[in-house]
Amino acid sequence: MRKSKIIGTGSAIPEIRVTNHDLEKIVDTNDEWIQSRTGISSRYFAAPETNTSDLSARAAQKALEAAGVKAEDIDLIIVATITPDMGLPSTACMVQDLIGATKASAFDLTAACSGFVYGMAVADQFISSGFYNHVLVIGAETLSRILDMSDRNTCVLFGDGAGAVVMSASDSDQGLLSFQLGADGTGGKYLYLPGGGAKVPASHESVDQRLHYIKMEGSDVFKFAVRAMESSSVTAIEKAGLSISDVNYMVPHQANIRIIQAAAKKLRLPMEKVQVNLNEYGNMSAASIPVALDEAVRENKIKKDDNVVMVGFGGGLTWASCVMKW
Ligand code: UT7
């Protein structure tokens, strides 16, 4: 049966490294609190001239190179992001132009931190149905642009970056074995960006009220996250006809080391099998999983025929997981 398979990965991290000590100078926080409560010690912010589309294009070019696929052979570009360069056109269309993927259709996908896995599930539908052969799935964010640097509850958590994969048709055993997607709109109030959409367009008032910044109820998201990571992973693993002991490696969303450890413990998965990079990059929302995946691949932590679980959760609320035979 025709499957979709990742044949190349790439990532791009922007210019400016911001440490916890740097943040101590602008908001009432400290390195000890951030490290012990989140596991984060630094994050990267894009320079003013660098946008989500630029980071996406850089990550995409690396993924294409790793895959040995030309940009002109890409059929579809999906960019998962909550920080598109602008409302219109889509960031995916900008990426199409930047990398010269002249034949590709292109659209953005909004599922917050779950967006990249949602994107892979969409790509899988186009590929397994025979409609497309090569899809570029990108998770990319410039969250620094929507961070309220006076709100210590959020500004210490997030960073910018992009990760990309080329998904292509496969007739072998390798490829996407299963996925599980979910959403609970009743939880939208826990993580949201009130301003900048059509409901609250930019105005003097909306800027004065700081409505163009991300708002979060951290502890509610925390509780939801641990539950969602565990239950979504279990569902995808079962759908793939596997059990936890068959899982060789997990690439989770990188929001908080305590969330990752709690989920791994519930799943009885040793931390040696879990990719963690949030210490360096913080939470990059849709970019977290593809950047962590690219690093795991390049560090040879994922080998041929390994069963790899990717799992994310985030605003919406949303959650998503998949199992990929590498
Ligand atoms: O990608 C999905 C999006 N987000 C997430 O996954 C985030 C999920 N949530 C979390 O990771 C955690 O809830 C946080 C890291 C956001 C917060 O950790 P927590 O252990 O839940 O702390 P808390 O919110 O209960 O706050 C504990 C204390 C509070 O002080 P009081 O009221 O006890 O005096 C906060 O005001 O820590 C204080 N606090 C800080 N102190 C120093 C909150 N932020 C900071 C800070 N620096 N940056």
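Below, all heavy atoms of this structure are taken into account, side chains as well, without hydrogens, waters or symmetry copies. Positions are given from 1 along the sequence. Both counts, for ligands and for their atoms, begin at 1 and track the order of listing.
- Atoms of ligand 1 found under 4.0 Å from any heavy atom of Arg37, numbered from 1 in the order shown, are 19 (P), 20 (O), 22 (O), 27 (C).
- Regarding atom 17 (C) of ligand 1, its nearest protein heavy-atom neighbour is Trp33 CH2, 3.9 Å.
- Set against the non-hydrogen atoms of Val156, the atoms of ligand 1 under 4.0 Å away are 48 (N).
- At least one side-chain heavy atom of Val226 sits less than 4.5 Å from a side-chain heavy atom of Lys266.
- Contact check on Glu15 versus Arg58 returns a salt bridge, with a Lys/Arg side-chain nitrogen under 4.0 Å from an Asp/Glu carboxylate oxygen.
- Not a single protein heavy atom sits closer than 4.0 Å to atom 25 (O) of ligand 1.
- The existence of a salt bridge linking Lys301 and Glu299 is confirmed by a sub-4.0 Å separation between a basic side-chain nitrogen and an acidic carboxylate oxygen.
- The presence of a protein heavy atom under 4.0 Å from atom 34 (O) of ligand 1 is ruled out.
- A tilted orientation is assigned to the rings of Phe126 and Phe131, their planes being inclined by 30° to 60°.
- One finds a salt bridge joining Arg298 and Asp294 here, because a Lys/Arg side-chain nitrogen approaches an Asp/Glu carboxylate oxygen to under 4.0 Å.
- Looking from atom 5 (C) of ligand 1 to the surrounding protein, the closest heavy atom is Val221 CG1, 3.6 Å.
- For atom 29 (C) of ligand 1, the closest heavy atom belonging to the protein is Arg152 NH2, 4.7 Å.
- For atom 4 (N) of ligand 1, the nearest non-hydrogen atom of the protein is Met216 SD, 3.3 Å.
- Shown here, atom 31 (P) of ligand 1 is out of close reach of the protein: none of its heavy atoms lies under 4.0 Å off.
- At a heavy-atom cutoff of 4.0 Å, ligand 1 is contacted by both the backbone and the side chain of Phe222.
- Side chain of Lys273 to backbone of Val247: a donor-acceptor contact under 3.5 angstrom is found.
- Listed by number with element, the atoms of ligand 1 under 4.0 Å from a non-hydrogen atom of Leu191 are 3 (C).
- Sorted by first and then second residue, the pairs that involve residues 12-49 and meet ring pair (Phe, Tyr, Trp, His ring centres under 6.0 Å), not counting sequence neighbours, are Tyr44-Tyr281.
- Every residue two or more places apart in sequence or in another chain that forms a side-chain contact (heavy atoms from CB on, under 4.5 Å) with Ala169 is listed here: Arg2, Ile127, Asn133.
- Atom CD of Glu205 has 12 or fewer heavy atoms from other residues, nucleotides or ligands within 6.0 Å.
- Near Arg258, meaning under 4.0 Å from any of its heavy atoms, are these atoms of ligand 1: 18 (O), 19 (P), 20 (O).
- In Thr38, the part holding a heavy atom less than 4.0 Å from any atom of ligand 1 is the side chain.
- For Arg43 and Glu280, the salt-bridge test fails: no basic side-chain N is under 4.0 Å from an acidic carboxylate O.
- Remark: atom 20 (O) of ligand 1 lies closer than 4.0 Å to at least one protein heavy atom.
- Considering only non-hydrogen protein atoms, atom 43 (C) of ligand 1 sits nearest to Asn153 OD1, 3.3 Å.
- Of the candidates Asn256, Leu23, Ile259, the one placing a heavy atom closest to atom 14 (C) of ligand 1 is Asn256.
- In this structure, Ser219 counts as a contact residue of ligand 1, since one of its heavy atoms falls inside 4.0 Å of the ligand.
- Summary of contacts: the protein heavy atom closest to atom 8 (C) of ligand 1 is Gly218 O, 3.6 Å.
- Heavy-atom neighbours of Lys103 NZ from other residues, nucleotides or ligands within 6.0 Å: above the threshold of 12.
- The environment of CD in Gln125 is crowded: more than 12 heavy-atom neighbours from other residues, nucleotides or ligands sit within 6.0 Å.
- With ligand atoms numbered from 1 in the order given, ligand 1 contributes 2 (C), 6 (O) to contacts under 4.0 Å with heavy atoms of Phe313.
- Against a heavy-atom cut-off of under 4.0 Å, His253 is close to the following atoms of ligand 1: 1 (O), 2 (C).
- Proximity of atom 39 (N) of ligand 1 to the protein is indicated by at least one non-hydrogen atom lying closer than 4.0 angstrom.
- Trp326 pairs with exactly one of Asp305, Asn307, Asn248, Ile302 by the side chain to side chain contact (heavy atoms under 4.5 Å, CB included) rule, that one being Ile302.
- For ligand 1, none of its N or O atoms has an N or O atom of Leu157 under 3.5 Å away.
- For Lys5 and Gln174, the side-chain atoms include at least one donor-acceptor pair closer than 3.5 Å.
- Counting the atoms of ligand 1 from 1 in the order shown, those under 4.0 Å from a heavy atom of Asn283 are 1 (O), 2 (C), 3 (C).
- In terms of protein heavy-atom proximity, atom 47 (N) of ligand 1 is nearest to Thr29 OG1, 2.6 Å.
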